[in-house]
Visitor: 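Pasting in a structure now, in C-alpha cells, and then I'll have a few things to ask.
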Amino acid sequence: HLDVQAHGMVSVSLRPENIVLSEAPNGAGEVIASSFMGAHAHYIIRIADMDIQATRSGAEALLATGMRVNLSELGPLRILKTDSMEAKAA
C-alpha cells in the first residue's frame with residue numbers, strides 16, 4: 001500500500017535485506033547470481049529487464065542460479081521524488 005498516487009514511471013528504493021525471496025516454479029524473478037557470505041547470502045534477481053539485489057540469512061537454503069522466485073517487501077518501500085510528487089515512505 002502506498003500513500004501517494006503516481007502516474008507513469010517512478011523510481012523506488014528498498015534495502016536488499018528487506019526483500020523476501022521465496023521459491024516459486026512460475027515466479028516473476030530468476031536468480032542470475034548468488035554469493036554465500038557466511039551469515040548472509042547475496043543474490044541478483046532478474047525480473048523482466050531489471051536486476052534487483054537481495055540478501056537472505058545464510059541459515060536459509062541457498063537459492064541456485066536459474067531458480068525462479070517471487071519477491072515481496074518487508075518495508076519500508078521508498079518512492080523517490082519525481083517531477084510531479086514528493087518522496088514518501090510507504
Side-chain angles (χ1 to χ4, degrees):
H1 172 70
L2 300 175
D3 296 353
V4 352
Q5 289 186 335
H7 302 282
M9 299 287 288
V10 297
S11 294
V12 296
S13 174
L14 180 65
R15 294 187 57 86
E17 62 271 17
N18 287 338
I19 298 172
V20 178
L21 300 173
S22 56
E23 295 179 45
N26 296 316
E30 178 184 358
V31 177
I32 61 168
S34 62
S35 300
F36 181 69
M37 308 297 276
H40 294 92
H42 299 279
Y43 296 95
I44 298 177
I45 309 298
R46 181 162 292 150
I47 297 179
D49 61 349
M50 179 175 44
D51 292 347
I52 297 172
Q53 294 184 35
T55 301
R56 280 177 61 161
S57 166
E60 297 181 67
L62 191 64
L63 300 174
T65 300
M67 183 177 284
R68 302 297 303 182
V69 294
N70 280 328
L71 291 80
S72 56
E73 43 81 22
L74 282 168
L77 177 66
R78 191 127 179 101
I79 297 175
L80 305 177
K81 185 177 179 180
T82 66
D83 291 340
S84 61
M85 58 189 275
E86 296 295 321
K88 302 227 182 211

Visitor: Report yes if the side chains of Glu23 and Leu63 come closer than 4.5 Å at any heavy-atom pair, otherwise no.
Guide: yes

Visitor: When the side chains of residues 44-57 are checked against the rest of the protein, which donor-acceptor pairs come out under 3.5 Å, sequence neighbours left out?
Guide:
residue : atom : partner : partner atom : Å
Arg46   : NE   : Asp51   : OD1          : 2.7
Arg46   : NH2  : Asp51   : OD1          : 3.3
Arg46   : NH2  : Asp51   : OD2          : 3.0
Thr55   : OG1  : His42   : ND1          : 3.2
Arg56   : NE   : Glu60   : OE1          : 3.2
Arg56   : NH2  : Glu60   : OE1          : 2.9
Ser57   : OG   : Ala59   : N            : 3.1

Visitor: Testing the basics here: between Ala64 and Val31, what is the closest heavy-atom pair and its distance to 0.1 Å?
Guide: O-CB, 3.5 Å

Visitor: So, for Ala61 and Tyr43, which heavy atoms are closest and what is the spacing to 0.1 Å?
Guide: O-OH, 4.1 Å

Visitor: Heavy atoms, side chains only, cut-off 4.5 Å: are Leu71 and Val20 in contact?
Guide: no

Visitor: Restricting to non-hydrogen atoms, name the atom on Asn70 and the atom on Ala28 that form the minimum distance, rounded to 0.1 Å.
Guide: OD1-N, 3.1 Å

